[in-house]
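All of these numbers come straight from a predicted model, not from anything done at the bench. In what follows, every chain begins at residue 1, and chains take the letters A, B, ... in the order their sequences are listed.
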There are 2 protein chains.
Amino acid sequence: MQISSRFTIALHILTCIDTFKDDYKITSDFLAESVNVNPVVIRRLLQQLKAAGLVNVKRGSGGAEIARPLEEITMLDVYRAVDSVDGEGLFHFHENPNPNCPVGRNIHNVLDGRLNKIQDAMEEEMKKTTIADIVKDTQKCISKQ
Amino acid sequence: MQISSRFTIALHILTCIDTFKDDYKITSDFLAESVNVNPVVIRRLLQQLKAAGLVNVKRGSGGAEIARPLEEITMLDVYRAVDSVDGEGLFHFHENPNPNCPVGRNIHNVLDGRLNKIQDAMEEEMKKTTIADIVKDTQKCISKQ
DNA sequence: TTTGTTGTAACTTTATTTGTTACAACGATA
DNA sequence: TATCGTTGTAACAAATAAAGTTACAACAAA
């Protein structure tokens, strides 16, 4: 099972917003064209990013901007904003192991700590990259072309 | 999005097989009762574990056993056996970013390395635990009860 | 008041997981 | 060889979630 494309799309969106902020009004249509998805998908994502305090979106006149310094937005912030399974972790534990089985009634306890560590490892690595890094790399790529 | 319960169920299964190997014939029905799912779900998982060389399953007479020393089976082996999206990584990249957009045509390159690192971090942590560790912890829990 | 945009509902499509029934293929044993 | 319990697998249903689409009220600015 894969982590949904909302995550990469959100990173793409944020990169676009910053990259084109001086030259274009950043509307959902504009972003939808770069990402190549329906504008409503973008608007839904922008709402999630807004709820997380990562962007501001202007109603009426239109336009999105990033709400925090790029160096302060990590991949983890974005992941949590758009791909969180509220309250649940990365792993989906089978619901009802048999409490009458010695393994069934203990497996949750035994695995939980280790599953959390795995998720932590993933999240720690996500923290290492900020949107600033991604924008910088993108600009390097662009200027080579 | 979450990693499917196949992963935790597979770990549960392997723990059961070892824990009860001397006292019961380990059939799909037996395992299904401990996990509390349909036996066919178990049989499908056993097939995936078998394809990965982690278990042997006896046709006809019935019964499953673990095919390798427990210390040599890591959580990562199990994850790869049952939850691999063949060829694809952990992250689902949106398919068709616009090649006419400077960001769209570079975002894949920019993100790929970082996404791989995140997946690597997760997998490295998975490697740290073997089925032997899980069985040992489970036995500790059981003996306390 | 017009225009372009956002926010959101409603519905469809697609994909995936999980559950379930059914049964042929198989191996051991009586 | 006939029986029995089991596996392997097909086929389909149900549940869940993601992603696409249409439509339109709410809004802000010109």
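- Distance R59(A) CZ to dG7(C) P: 6 Å, rounded to the nearest Å.
- Remark: P of dG4(C) and NZ of K25(A) are 10 Å apart, rounded to the nearest angstrom.
- Between Q47(B) and the phosphate of dT9(D), there is a side-chain N or O to OP1/OP2 separation shorter than 4.0 Å.
- If V37(B) and R43(B) are placed on DNA chain C by their nearest nucleotide, the residue sitting closer to the 5' end is V37(B).
- If you take CZ of F7(A) and C1' of dA18(D), they are 17 Å apart, rounded to a whole angstrom.
- Proximity note for V40(A) (side chain, C-beta onward) versus dT20(C), dA19(D), dT21(D): the nearest is dT21(D).
- Residue G62(B) is classed as a sugar-phosphate contact, given heavy-atom separations below 4.0 Å to backbone atoms only.
- In this structure, S61(B) does not reach the dG5(D) phosphate: none of its side-chain N or O atoms is under 4.0 Å from OP1 or OP2.
- Checking S28(B) against N36(A), the closest nucleotide of DNA chain D that is more toward the 5' end is the one next to S28(B).
- dA18(D) atom C1' lies 12 Å from atom CD of E95(B), rounded to whole Å.
- For K50(A), no side-chain nitrogen or oxygen approaches OP1 or OP2 of dT6(C) to under 4.0 Å.
- Between S4(B) and dT18(C) there is a side-chain polar atom (N or O) within less than 4.0 angstrom of OP1 or OP2.
- Along DNA chain D, the nucleotide closest to V41(A) and the one closest to G60(A) are compared, and the more 5′ of them pairs with V41(A).
- Distance Q48(B) CD to dT16(C) P: 14 Å, rounded to the nearest Å.
- L46(A) has its CG atom 8 Å from the P atom of dG7(C), to the nearest Å.
- In this structure, Q119(B) contributes its side chain and L90(B) its backbone to a donor-acceptor pair below 3.5 Å.
- Atom P of nucleotide dT21(C) and atom CG of D29(B) are separated by 13 Å, given to the nearest angstrom.
- A donor-acceptor distance shorter than 3.5 angstrom exists from the side chain of T8(B) to the backbone of S5(B), with no hydrogens or angles considered.
- At least one donor-acceptor pair under 3.5 Å links the side chain of N98(A) to the backbone N or O of E33(B).
- Under the 30°/60° scheme for interplanar angles, the aromatic rings of F20(A) and F30(A) are found to stand perpendicular.
- Contact annotation: K58(A) does not reach the phosphate of dG4(C) (side-chain N/O to OP1 or OP2, under 4.0 Å).
- Take F93(B) and apply the ring-ring contact (aromatic ring centres under 6.0 Å, His included) test, not counting sequence neighbours, and it matches H108(B).
- If you check every strand for non-hydrogen atoms under 4.0 Å, R44(B) touches a base.
- One can place NE2 of H92(A) at 10 Å from P of dT16(D), the figure rounded to the nearest angstrom.
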